[in-house]
Amino acid sequence: MFYEKGNFLMIKLMVIFIMLCSVSGRVFSDDTDSKKIEVVKQYYLNLLNNKPEKSYQLLSSKDKNAYTEEQFVRVINLSTALYDPNRVVTIKDALVEESGEGMAIIKIFAEVSTKVDRELKNLTASQIVVHENNEWRVYAAHTISSILIKAKTKCDSVENTGMPLVEKERACFIYYGHLKTE
């Protein structure tokens, strides 16, 4: 009888232990997911609120090695030059689409409204984050680097490809920050 009570007690303790482990695993996972999501939210809020310098600070070291803050700011400013500076940005939701060891894809849903036109636009974007130095960082090298490579190629082209001069000047400004002098 004592043996049966001992087994029953041992089974109860094992069940409690398993439950605690699964709960603590979920809490840890939820905490990690919330950190991943928060870095992406801040990145997009900064971008959409005309603070690309702050977004640059949230980038991975790979991004920062691929291009300078000045290049990043020029690309973002030229991309968002048509935005109404009085727009209101609201992050509606964000979730982890995929997650693996050291990286994840976060999907973010935002609403952008303008006070003047009272126009409401929905924005959905997916962003890669990487775990680096015990922090989650945005990984955007593929997007910004692609824009910079295209700009440099256009600016440095010596052939007359029929490209309008204004397009070449814009490309030079994006990559170099000024018109390229021969």
Side-chain angles (χ1 to χ4, degrees), residues 32-98 103-156 163-181:
T32 301
D33 285 353
S34 68
K35 288 178 182 177
K36 294 172 194 173
I37 289 170
E38 189 56 35
V39 74
V40 173
K41 282 182 178 180
Q42 285 305 305
Y43 177 77
Y44 278 96
L45 280 172
N46 290 333
L47 286 180
L48 295 168
N49 286 313
N50 297 320
K51 298 175 185 172
E53 300 85 3
K54 288 187 175 187
S55 287
Y56 184 82
Q57 298 310 312
L58 298 172
L59 292 175
S60 72
S61 60
K62 252 188 174 168
D63 287 297
K64 291 178 181 178
N65 290 332
Y67 45 85
T68 67
E69 181 177 340
E70 291 78 20
Q71 288 175 317
F72 177 79
V73 168
R74 282 194 302 270
V75 167
I76 298 303
N77 284 340
L78 287 171
S79 300
T80 61
L82 301 175
Y83 287 160
D84 178 355
N86 297 314
R87 67 189 177 276
V88 176
V89 179
T90 308
I91 302 293
K92 293 306 230 177
D93 196 12
L95 55 94
V96 177
E97 276 189 308
E98 292 182 39
M103 80 181 270
I105 300 174
I106 308 299
K107 190 167 195 167
I108 190 161
F109 305 90
E111 212 172 66
V112 180
S113 60
T114 55
K115 293 178 183 176
V116 177
D117 300 337
R118 298 189 188 269
E119 185 179 348
L120 183 67
K121 293 181 182 177
N122 291 312
L123 168 76
T124 303
S126 291
Q127 186 64 56
I128 297 172
V129 291
V130 293
H131 198 248
E132 156 181 300
N133 298 326
N134 293 322
E135 292 184 315
W136 287 98
R137 295 295 193 174
V138 171
Y139 181 69
H142 56 286
T143 307
I144 304 298
S145 293
S146 173
I147 293 168
L148 288 168
I149 289 168
K150 287 176 187 173
K152 183 176 183 345
T153 303
K154 282 183 181 180
C155 181
D156 293 348
M163 177 186 352
L165 181 60
V166 71
E167 190 176 325
K168 184 171 182 156
E169 288 175 346
R170 182 174 187 261
C172 291
F173 177 74
I174 290 172
Y175 189 80
Y176 293 107
H178 54 80
L179 298 179
K180 188 175 176 205
T181 55

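Please read all numbers here as calculations on a predicted model, not as lab measurements.
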Sequence neighbours excluded, every pair satisfying salt bridge (Lys or Arg N to Asp or Glu O under 4.0 Å) that has a member inside residues 144-153:
Lys152-Asp156
Is any side-chain heavy atom of Tyr67 less than 4.5 Å from a side-chain heavy atom of Leu59?
yes
Without swapping roles, check the side chain of Glu167 against the backbone of Pro164 for a donor-acceptor pair under 3.5 Å.
no
Can you name the residues that form a salt bridge (Lys or Arg N to Asp or Glu O under 4.0 Å) with Arg137, not counting sequence neighbours?
Glu135
For Asn133, is the CG atom crowded, meaning more than 12 foreign heavy atoms sit under 6.0 Å from it?
no
Tell me every residue that passes salt bridge (Lys or Arg N to Asp or Glu O under 4.0 Å) with Lys54, counting only those two or more places apart in sequence or in another chain.
none
Is any side-chain heavy atom of Ile108 less than 4.5 Å from a side-chain heavy atom of Gln127?
no
Side chains of Gln42 and Glu38 only: does a donor on one sit below 3.5 Å from an acceptor on the other?
yes
Out of curiosity, Thr90 OG1 to Leu45 CG, how far, rounded to the nearest 0.5 Å?
8.5 Å
Quick check: do Glu70 and Arg74 have side-chain heavy atoms less than 4.5 Å from each other?
yes
Which residue in the set Ile91, Leu123, Asp93 passes side chain to side chain contact (heavy atoms under 4.5 Å, CB included) when paired with Phe109?
Asp93
Starting at OH of Tyr139, measure out to OG of Ser61 and round the result to the nearest 0.5 Å.
10.0 Å
Are the side chains of Ile144 and Ile76 in contact, using a 4.5 Å heavy-atom criterion?
yes
List in chain and number order the residues that pass salt bridge (Lys or Arg N to Asp or Glu O under 4.0 Å) with Glu97, two or more places apart in sequence or in another chain; answer none if no residue qualifies.
Lys107
Nearest heavy-atom contact between Tyr44 and Ala125 is OH-CB, 3.6 Å
To the closest 0.5 Å, what do you measure between CG (Leu95) and CD1 (Ile105)?
11.5 Å
Kindly give the heavy-atom pair with the smallest separation between Lys168 and Cys155, and that separation in Å.
CE-O, 3.1 Å
With Lys35 as the cation and Trp136 as the aromatic partner, state whether NZ or CZ is under 6.0 Å from the six-membered ring centre and within 45° of the axis.
no
Taking all heavy atoms of Asp63 and all of Ser60, pick out the closest pair and write down the distance.
OD2-OG, 2.8 Å
Minimum-distance pair of heavy atoms, taken over all atoms of Val39 and Leu58
O-CD1, 3.9 Å
Find out whether Glu69 and Gln57 are in side-chain contact, i.e. whether some heavy atom of one side chain is under 4.5 Å from a heavy atom of the other.
yes
Which value, rounded to the nearest 0.5 Å, describes the distance between Lys62 atom NZ and Lys64 atom NZ?
15.0 Å
Using the test salt bridge (Lys or Arg N to Asp or Glu O under 4.0 Å), find all partners of Lys41 that sit at least two apart in sequence or belong to another chain.
none
Could you work out, with ring pair (Phe, Tyr, Trp, His ring centres under 6.0 Å) as the rule, every residue matching Phe72, not counting sequence neighbours?
Tyr56
Looking only at heavy atoms, which two atoms of Ser55 and Tyr43 are closest? And how far apart?
OG-O, 2.7 Å
